[in-house]
There are 2 protein chains.
Amino acid sequence: MKPITLKDLALKLNISVTTVSKALKGYSDVSKSTRDAVFALAEEMNYTPNSVAVNLRTRQTNTIGVIIPTIVHQFFSKVIDGIIEEAEKKGYLVITLQSNESVKLEKKQIDLLLNKRVDGILISLANDQKEIKHLQKVINKKTPLVLFDKISKSLVCSKVVINDREAAYNAVTHLIQSGCKKIAHFRGPLNPQNSIDRYLGYRKALEDNNIKFDKSLIYTCEDVSFEEGYKFAEDIYEKNKDIDAVFAITDLVAVGAIAYFNENNIAVPNQISVIGFSNWFMSSVISPSLTTVDQPGYKMGKKALKLLFKEMNAQKKGKEFIPETIVLPTKIIKRNSTLI
Amino acid sequence: MKPITLKDLALKLNISVTTVSKALKGYSDVSKSTRDAVFALAEEMNYTPNSVAVNLRTRQTNTIGVIIPTIVHQFFSKVIDGIIEEAEKKGYLVITLQSNESVKLEKKQIDLLLNKRVDGILISLANDQKEIKHLQKVINKKTPLVLFDKISKSLVCSKVVINDREAAYNAVTHLIQSGCKKIAHFRGPLNPQNSIDRYLGYRKALEDNNIKFDKSLIYTCEDVSFEEGYKFAEDIYEKNKDIDAVFAITDLVAVGAIAYFNENNIAVPNQISVIGFSNWFMSSVISPSLTTVDQPGYKMGKKALKLLFKEMNAQKKGKEFIPETIVLPTKIIKRNSTLI
DNA sequence: GATTATACCGAAAACGATTTCGATTTTCGT
DNA sequence: ACGAAAATCGAAATCGTTTTCGGTATAATC
């Protein structure tokens, strides 16, 4: 009924708890005969060590914490997928928390994880990130920390990101190379670094190709939704019939725009090209299928965890660890919503 | 540097660890003055209890484990979302694991969670579920267990499901009521109870409406993909031009079918109606938007956890707990891929 | 046979908290 | 001022492991 403990084994074998423990852990000062006996009994009684006790004694939990804005989101669930897989390989378990874009919640969750004595924390920040005290606390406590995707530049720790600016630059360049000249940008909210960077990439691409920036072609999403994409497409088309391309902050917004164009017999890509961002699953099954920028979530999760492990190991060996920043490559997934 | 412990506080205050602990926990045999002093110092030194030690002593971890086939899947990430939210409310943390549809992995993971001494386990079974020994073990160890979505009928424990058979029955009835007479079914793999039940619901609906069952209208998906939906749609249309409806095991398969019909100018829903299953996000953004059966993942997660808590509480009080099965209602989300 | 080396084992402390139970002190009625 | 009741406190056991350090017993060496 009650879980078997070392003590139970020791009692049955008439030896000390110490010896049982040492036998099980392969210490050399245990005779073969007692070792065998211990293993046999452990097997028979189905002994499994109590992780909690081990954790207390060894001061490590083999558990890491992950905080993301939301899990119901292709990109983030891919990241989680990558993290969990990689963690399991090394015998680590993953506790997942959602901040729902609330810094307040994020703080609480950091505390929770710290109390749980997780061996490390991975986090993708909530949008309105000015406050970083709670993260500084993590660093001060010497708990390894890696930021991914939505990061804070002012925090000294490891990071895994994509180059949003470059990716956006490439996306818009792709549009320009296919002949587009009047390119709208349905950008993300004003705060997040991601959406700023993509916006800057857009501008840089225009600039490098001698296309004059036109403020009226910029629309700012608030909740980055299908509906916004649809609405903005409608609005911009009514005001600018000669628009010939849309670069959307996200596939979902792009799909919204395509829906409007489809319904109103505006040919995509012949009249208007559309390019999205993220390569969500959905973008391959709509018609026309959506050209987009692949954002490698799975890989990002894996890399982030690997960096975390690196830091954890350095710490174990008492070595100093210098934070690293990994920039993952993105690539354009060419489908049927753009020309060429 | 090192985390503050009760001992540290006790030392500074020149009182015993016992008293510090009792003060913090609000025991009545601590004077107001020392209580205040303790709280003040705890605050000042930023004391937080070491959960691991507490867990060992109290024999509970305030952690639950969840095993799902895969997390990169709208339905399951919604379930996880529901679970995490509900857990957090009660101060519980969630460890998520993916079985990747492998029973072998599932077993390992169960053991991992058991060793971690999680307070309870939620699991949605891998597809080829014949073996249930590892789950029986969980029950034998008196660790509360709740199955959801993909369950095993032969296991005596709480369950949260939808009535797949009835849901499918309603979906097909919807097609029939809209005038469809030759209805194909792109069913799921042969093993999972889900896909069996949906198939049975399909047959029952035909039977109740005096439509002869035609084996040649049944296609069996193996990996339940977009491509399969596309391929099956092509095949069946070439063999049966008079087909007038498709009931697909999943939205993704349905979307694949719609893609084929769209490309070949077969009007959906006027010539052929299509109905899916699950209400994935994607189904609302394709065109025509997909009529489907809503499968309440978020709610399922919440309910499953509530059941788990119920069992955990009963156990704490030493009460007997009788497993419950909750059947969540589904409803048809009428969109534009079916008539009426 | 005395000495040293080797093999094997176990007592005990530690990890950080909780809780029981007994001890001491204070308060108060008379 | 005395005894009883109430208010405070702390020692110690416990949760289940790990690990250090010392102690025996046996084998090897001369």
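Residue numbers start from 1 in every chain, and the chains themselves are labelled A, B, ... in the order their sequence lines are given, proteins ahead of strands. Atoms considered below: every heavy atom in the structure, side chains included; atoms not considered: hydrogens, waters and symmetry mates.
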Across the strands shown, which category fits A:Pro49 at heavy-atom distances under 4.0 angstrom: base, sugar-phosphate, nothing?
sugar-phosphate
OP1 or OP2 of D:dT18 under 4.0 Å from side-chain N/O of A:Arg59
no
Atom-pair distance (NZ on A:Lys25; P on C:dC8), nearest Å
20 Å
Test item: side-chain donor near acceptor, A:Ser158 and A:Lys310, under 3.5 Å
no
Could you tell me which non-hydrogen atom of B:Val79 sits nearest to which non-hydrogen atom of B:Phe148, and how far apart they are?
CG1-CE1, 3.5 Å
Upstream residue (5' side of DNA chain D) when B:Ser16 and A:Tyr47 are each assigned their closest nucleotide:
B:Ser16
Could you tell me which non-hydrogen atom of B:Thr63 sits nearest to which non-hydrogen atom of B:Tyr92, and how far apart they are?
N-CD2, 3.6 Å
Ranking C:dT19, C:dA11, D:dT17 by distance to the side chain of A:Leu6, first place goes to D:dT17
What is the separation between atom CZ on B:Arg35 and atom C1' on D:dG10, rounded to the nearest whole Å?
17 Å
Could you check whether A:Lys150 pairs with A:Glu101 (Lys NZ or Arg NE/NH1/NH2 to Asp/Glu carboxylate O, under 4.0 Å)?
yes
Expressed in angstrom and rounded to an integer, what is the separation of A:Leu56 atom CG from C:dT18 atom P?
12 Å
Specify the separation, in whole Å, of atom CG of B:Asp29 and atom P of C:dG22.
15 Å
Which part of the nucleic acid does B:Ser21 contact within heavy-atom distance under 4.0 Å: base, sugar-phosphate only, or nothing?
base
What does B:Arg57 touch in the nucleic acid at a heavy-atom separation under 4.0 angstrom: a base, only the sugar-phosphate, or nothing?
base
Check whether any side-chain N or O of B:Thr58 sits under 4.0 Å from OP1 or OP2 of D:dC15, and answer yes or no.
no
Residue met sooner reading DNA chain D from 5', once B:Arg117 and B:Ile15 are mapped to nucleotides:
B:Ile15
Starting at atom CG of A:Asn50, determine the distance to atom P of D:dT14, rounded to an integer number of angstrom.
17 Å
Of the listed nucleotides (D:dT17, C:dG16, C:dG10), which one gets closest to any side-chain atom of B:Ala53?
C:dG16
Check every strand shown and say whether B:Thr18 touches a base, only sugar-phosphate, or nothing at a heavy-atom separation below 4.0 Å.
base
Interatomic distance, A:Lys116 NZ vs C:dG16 P [rounded to whole Å]
17 Å
Counting side-chain heavy atoms from CB outward, which of C:dC8, D:dC9, D:dC15 is closest to A:Ser31?
C:dC8
It should be established whether A:Lys7 places a side-chain nitrogen or oxygen under 4.0 Å from OP1 or OP2 of nucleotide D:dT17.
no
Whole Å only: how far is the CG atom of A:Leu9 from the P atom of C:dC9?
15 Å
Whole angstrom value for the distance that separates C1' of D:dG16 from CD of B:Gln60:
17 Å
With a 4.0 Å cut-off on heavy atoms, is B:Lys22 in touch with a base, just the backbone sugar-phosphate, or nothing at all?
base
Distance only, no hydrogens: is a donor on one side chain within 3.5 Å (strictly under) of an acceptor on the other, for A:Glu88 and B:Gln109?
yes
Is A:Asp36 salt-bridged to A:Lys32, cutoff N-O under 4.0 Å?
yes
